[in-house]
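Within every chain, numbering begins at 1; the chains are lettered A, B, ... in the order of the sequence lines, protein sequences first and strands thereafter.
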Protein chains: 2
Amino acid sequence: MLKNFIKQLRITEEELQEELQKYSNITVHTKGDFIIKNDEYIKVLKIVLRGKVRVYQDNEDREILIYYLNDMETCTLSLSACFEDCKSTVNAIVEEDCAILNIPVRFVKDWNFKYKSWNTFTTNTFRESYNHLINQYSNLAFQPLKDRLFDYLVSKASNFIVKKSHQQLARELGTTREVVSRLLKTIEKENKVKLGLKEIIILDKN
Amino acid sequence: MLKNFIKQLRITEEELQEELQKYSNITVHTKGDFIIKNDEYIKVLKIVLRGKVRVYQDNEDREILIYYLNDMETCTLSLSACFEDCKSTVNAIVEEDCAILNIPVRFVKDWNFKYKSWNTFTTNTFRESYNHLINQYSNLAFQPLKDRLFDYLVSKASNFIVKKSHQQLARELGTTREVVSRLLKTIEKENKVKLGLKEIIILDKN
DNA sequence: TACTACCTGTGACTTTTGTTACAGCATTAA
DNA sequence: TTAATGCTGTAACAAAAGTCACAGGTAGTA
């Protein structure tokens with residue numbers, strides 16, 4: 001699995017490959033495990049090799065999704081923490097059993113100037129995350145919840161189907177279950193989705 | 001002014017200092033000038049040496065502030081664009097006359113692995129911007145507008161005074177003038193601010 | 001002075017979102 | 001089978017934010 005990662009990232013330097021072998025380790029986790037907890041120090045860079053992790057912020061009784069980590073994705077916030085010792089401001093919880101590559105923070109920073117491919121990797125991670133977050137931000141600012149919900153469904157659908165409960169959707173969008181139920185009903189009346197139990201079928205992507 | 005920048009960023013490599021001298025140029029702009037326009041290609045990294053620039057996204061009739069650039073601050077989005085040719089998704093407008101350092105994108109990427117101090121600079125820029133944006137994001141998600149407005153006033157106050165019109169505040173917070181006027185009035189009734197013409201005095205920071 | 005362009009205040013109304021409360025189903029474990 | 005738990009639907013109400021309309025103030029300037 002580490003080899004996949006090395007390949008996917010185009011880590012060509014043999015020396016870096018060896019360092020990765022030597023200093024990183026792979027851990028496995030099952031659904032519901034917390035990978036990162038709010039207000040705890042971040043000591044390793046977490047890269048999801050396989051599985052799915054939800055990274056979110058919470059606020060009293062509500063939450064908002066920051067991002068999902070899927071196969072071969074890196075937690076940008078823990079990457080950021082590698083460059084300055086700091087506490088996490090988010091939680092990360094395993095949604096699908098996963099294998100995680102853990103790289104102690106002290107290496108991540110050094111490698112950044114030592115290995116070109118690592119430099120490219122960290123820069124791209126930051127860049128993509130930043131652009132993604134700006135989009136999220138302006139959607140949150142401008143789009144009514146109904147549109148954000150529908151767009152979210154479309155983005156998360158595989159084969160036009162989203163297998164999530166209203167509660168989950170509410171969490172990820174930073175709202176409440178009742179509101180999601182209500183909005184889904186109105187979207188259904190517009191013939192854009194069909195609602196089932198823990199399953200939503202997208203009928204019309206516009 | 002370029003020397004200030006070199007000093008402030010701790011750019012120690014003489015070779016990089018020379019490259020900066022050689023390839024970058026400084027432009028001056030007056031209030032109201034657009035530095036970056038939505039949907040235009042980004043060709044240079046913009047660093048504000050002196051002055052103030054407002055970077056925002058717009059959406060039909062409303063806007064939302066992404067960030068302000070003050071003395072010695074770098075436009076993270078144009079930095080991001082240096083690593084992949086792309087169009088701007090924001091506008092940047094001069095709010096206070098300014099001097100801007102322009103570095104053609106092709107250098108920025110190369111320097112990132114060539115000069116350690118440049119690498120540190122770009123990484124820090126990304127890191128700080130990302131953290132800042134995550135805060136903005138979760139405030140937008142969780143805080144009522146009244147609290148965001150008050151916090152914003154506190155953050156922008158110098159000597160407990162904010163010299164902005166309600167219209168400006170509305171723009172920066174992604175809302176409308178009437179809403180700001182109304183909220184400011186209720187905050188004034190709570191004796192937390194005192195309203196004047198184009199001037200708001202903070203009385204109580206809590 | 002008179003004109004213009006901003007700026008602020010505010011009432012009345014609408015829309016969106018959140019809250020409370022409850023009912024009915026489905027699924028799983030005991 | 002029964003109980004418990006989680007999922008969905010929905011009415012009724014409350015609060016927050018946005019919209020419309022208009023009045024009056026201030027400052028610059030022609």
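Look at B:E95 and B:K52 and you find no salt bridge, because none of the NZ, NE, NH1 or NH2 atoms lies under 4.0 Å from a carboxylate O. Salt bridge present: B:E188 and B:K185 bring a charged side-chain N and a carboxylate O closer than 4.0 Å. Using a cut-off of 4.0 Å between Lys/Arg side-chain N and Asp/Glu carboxylate O, A:E84 and B:R127 are scored as salt-bridged. Remark: B:E172 engages B:K164 in a salt bridge, criterion side-chain N to carboxylate O under 4.0 Å. Note on B:R54 versus B:E63: salt bridge recorded, some NZ/NE/NH1/NH2 to OD/OE distance being below 4.0 Å.
If you check every strand for non-hydrogen atoms under 4.0 Å, A:R62 touches sugar and phosphate atoms only.
Atom CG of B:D147 and atom P of D:dA16 are 10 Å apart (whole Å). Rounding to whole angstrom units, CD of residue B:E199 and P of D:dT26 are separated by 14 Å. Between the CG atom of B:L149 and the P atom of D:dA16 there is a distance of 14 Å, rounded to whole Å. In this entry the distance linking CG of B:L183 with C1' of D:dA15 reads 13 Å, nearest Å. The CZ atom of B:F142 sits 15 Å away from the P atom of D:dA17 (whole-angstrom rounding). Rounding to whole angstrom units, CD of residue B:E178 and P of D:dC22 are separated by 14 Å. Between the C1' atom of D:dA16 and the CZ atom of B:R148 lies a distance of 12 Å, rounded to the nearest Å. Between the CG atom of B:L197 and the P atom of D:dG25 there is a distance of 13 Å, given to the nearest Å.
Taking CD1 of A:I11 as the reference point, atom OG of A:S117 lies at 5.0 Å (rounded to 0.5 Å).
Of the two residues near DNA chain D, A:K189 and B:Q143, the one whose nearest nucleotide lies more 5' is A:K189. Nucleotides of DNA chain C nearest to B:K185 and A:L145 differ in position, and the one nearer the 5' end is that of B:K185. With the nearest nucleotide of DNA chain C identified for both B:Q168 and B:S181, B:Q168 has the one nearer the 5' end.
At a cut-off of 3.5 angstrom, counting only N and O atoms as typed in the model, there is a donor on one side and an acceptor on the other between the side-chain of A:R177 and the base of D:dG9.
The side-chain heavy atoms of B:Y56 and B:I64, taken from C-beta on, include no pair separated by under 4.5 Å.
Chain A approaches DNA chain C over the interval C:dT17 to C:dA26, counting the first and last nucleotide 5' to 3' with an atom under 4.0 Å from its heavy atoms.
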